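Following: one structure in structure tokens, then a few remarks.
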There are 2 protein chains.
Amino acid sequence: MLSVAYSAEAKHVTAARLAPQPERLEELFCAVPRESFEAGEGVFWEGDQADHVFKVSEGVLRVFKIIADGRRVITGFLYAGDLVGLSLKDRYLYSAEAVTPVRLRRLARKPFAEALEKWPDLRPQFFARVCDEMATAQDQMVLLSRKSAEERVATFLMLLARRLHGCHPIGRRIHLPMSRLDMADYLGLTIETVSRTITKLVARGVISPEGRHDFAICKPGKLLALCGDGDSYEETIDREPKMRQAIWPH
Amino acid sequence: MLSVAYSAEAKHVTAARLAPQPERLEELFCAVPRESFEAGEGVFWEGDQADHVFKVSEGVLRVFKIIADGRRVITGFLYAGDLVGLSLKDRYLYSAEAVTPVRLRRLARKPFAEALEKWPDLRPQFFARVCDEMATAQDQMVLLSRKSAEERVATFLMLLARRLHGCHPIGRRIHLPMSRLDMADYLGLTIETVSRTITKLVARGVISPEGRHDFAICKPGKLLALCGDGDSYEETIDREPKMRQAIWPH
DNA sequence: AGTCTCTGTTACACACCGTCACACGATTTA
DNA sequence: TAAATCGTGTGACGGTGTGTAACAGAGACT
């Protein structure tokens, strides 16, 4: 079924709106129908045969691994436009579940690979996606390895504020579609710590709550400084060289 | 200089032993001379123009990122045979330094990319390398996110024991070429904690020291169980359900 | 020998964060 | 309406791991 659009020459492509020579990687997914998943529903599981790649078209997905005694690590959240399952060999390295109701397009791995072989222009795009995935993983390792609870939460909020693609119109408003538990498992913390840290940020006027899952960023500069990435000038000059103290004065 | 071998057609390749159609990705690196780096010397730096890819031919490399106040995160150690700098776009995402004296081959990015375009058989190999890198990053995220200090150290020791490629002959002997500080920055701990944890493992007879940087694995099963990956049977049955206590009775 | 430097080990007080407990509000069920 | 359930917030308490030491060993050097 799915391979029809790609196994044939361009003239055979009838059912698809796919151009014979797709210019963008995403176009490969246009030919297949969208599938819907309810919040909490699983899309695939770690260890499954990795037969498909996916493109999220609506909603948010969480991608995670489980270890021995039930500990869960969420390695990423995926939003509309993101591709899932690119950098895999034969089996999925992680499980994927819908955080919100999700609509996505599924493409079998083989036609996907064939398309990459056939149309060289797609390869740099594909490679760029994989590189972004890698860069994100690296940043996450930094976060998990060396950042305090407060820095982790601040970094997460900034991440979502930047990724405000189509989700919400305004730039200083953050929407957190996932539960506190999801956040905790993503940030390597517990729900309680996440909760307390958010409370702290609110108390200091950095952000202000608008319901459980929405916040306004009141002091973007402050929030950025709290990320611990050294993106801000104040942070690097205020600090004694090489000293790592409790970061907030009171 | 270096690009000479690839900027020309195959017939122009004279100085290289490179076959016109290389079968393995590594062969691309045969044409270029080896460079030497002393222990501690830098190979490239985060943010540099990513002009080259590297193949380690001898020694061990560390790859790391630095954040704001000097905190360092080592994202990986690279051994002989490993390729460095694959999954990058225009700039290096991390810095690389020699842990031990290192010899490596440097290949300009452009001819490397051209080779991948020209010889399709190399692409799956390249892709597999990138996937391995990704899988390793995922495992590291699990380690940093949810594992105790003891589990981290145990996991690291098992990793090195498995990667005992050409380094050392015997399978139950681990060589740690890097300093305790390097280990700490890789595992998201401090030197002191690494030191204490190793001491603990020695005290329980799991490993036994043979100098500062060499250990024998006395109880491989026990060490595996301590990794917290659930790879072993003992772990799942010994443990009270869901309880995570201080792990060692004495 | 001696001294210096560097790395690794050990000790102890403390802080951050995890664990446990319970309260609160929203939603569902009886 | 009450009762149950779920997600969340908040408090008290304790433990793992940290920070700051001081100390020990191994080279390198004079």
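Numbered from 1 within each chain, the chains take letters A, B, ... in sequence-line order. Everything numeric here is computed off the predicted structure, so don't read it as measured data.
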May I have the list of side-chain donor-acceptor pairs in residues 41-51 of chain A shorter than 3.5 Å, sequence neighbours left out?
from, atom 1, to, atom 2, distance (Å)
A/E41, OE1, A/E38, N, 2.7
A/D48, OD2, A/W45, N, 3.2
A/Q49, OE1, A/R91, NH2, 3.1

A/Y186: which residues meet the ring-ring contact (aromatic ring centres under 6.0 Å, His included) condition with it, sequence neighbours left out?
A/F77, A/F156
Qualifying residues under salt bridge (charged side-chain N to carboxylate O under 4.0 Å, His left out), relative to A/K55, sequence neighbours excluded
none
If I take atom CG in residue B/L189 and atom C1' in nucleotide D/dG19, what distance separates them, rounded to the nearest angstrom?
14 Å
Let me know the distance between CG of B/D185 and P of D/dT18, rounded to the nearest Å.
11 Å
Between C/dC16 atom P and A/R152 atom CZ, what is the distance in whole Å?
14 Å
Atom-pair distance (CG on A/D69; P on C/dT19), nearest Å
11 Å
Go through the structure and list residues passing salt bridge (charged side-chain N to carboxylate O under 4.0 Å, His left out) with B/R129, not counting sequence neighbours.
B/E26
Can you tell me how far P of C/dC17 sits from CZ of A/R146, to the nearest Å?
14 Å
Nucleotide D/dT16, atom C1' - distance to CG of B/L187 in whole Å
16 Å
N/O-N/O pairs, protein side and nucleotides 26-28 of chain C side, under 3.5 Å:
none

Taking side chain to side chain contact (heavy atoms under 4.5 Å, CB included) as the test, write out the residues that go with B/P101, two or more places apart.
B/A39
Determine, for nucleotides 7-12 of chain D in 5'-to-3' order, which nucleotides have protein heavy atoms under 4.0 Å from the base (write B), from only the sugar-phosphate (write S), or from neither (write -).
-SBBBB
Partner set under salt bridge (charged side-chain N to carboxylate O under 4.0 Å, His left out) for B/D182, not counting sequence neighbours:
B/R62, B/R72
d(CD, B/E151; C1', D/dT16) in whole Å:
13 Å
Between NZ of A/K147 and P of C/dC17 the distance, given in whole Å, is 14 Å
Only counting residues at least two apart or in another chain, list the ones meeting salt bridge (charged side-chain N to carboxylate O under 4.0 Å, His left out) with B/R212.
none
Considering all heavy atoms of both residues, which atom of B/D132 and which atom of A/K89 are nearest to each other, and what is their separation?
OD1-NZ, 2.7 Å
Counting any heavy atom closer than 4.0 Å, what does A/G188 reach on the DNA or RNA strands: base, sugar-phosphate only, or nothing?
sugar-phosphate
Answer with yes or no whether the side chains of B/E133 and B/S87 bring together a donor and an acceptor at under 3.5 Å.
yes
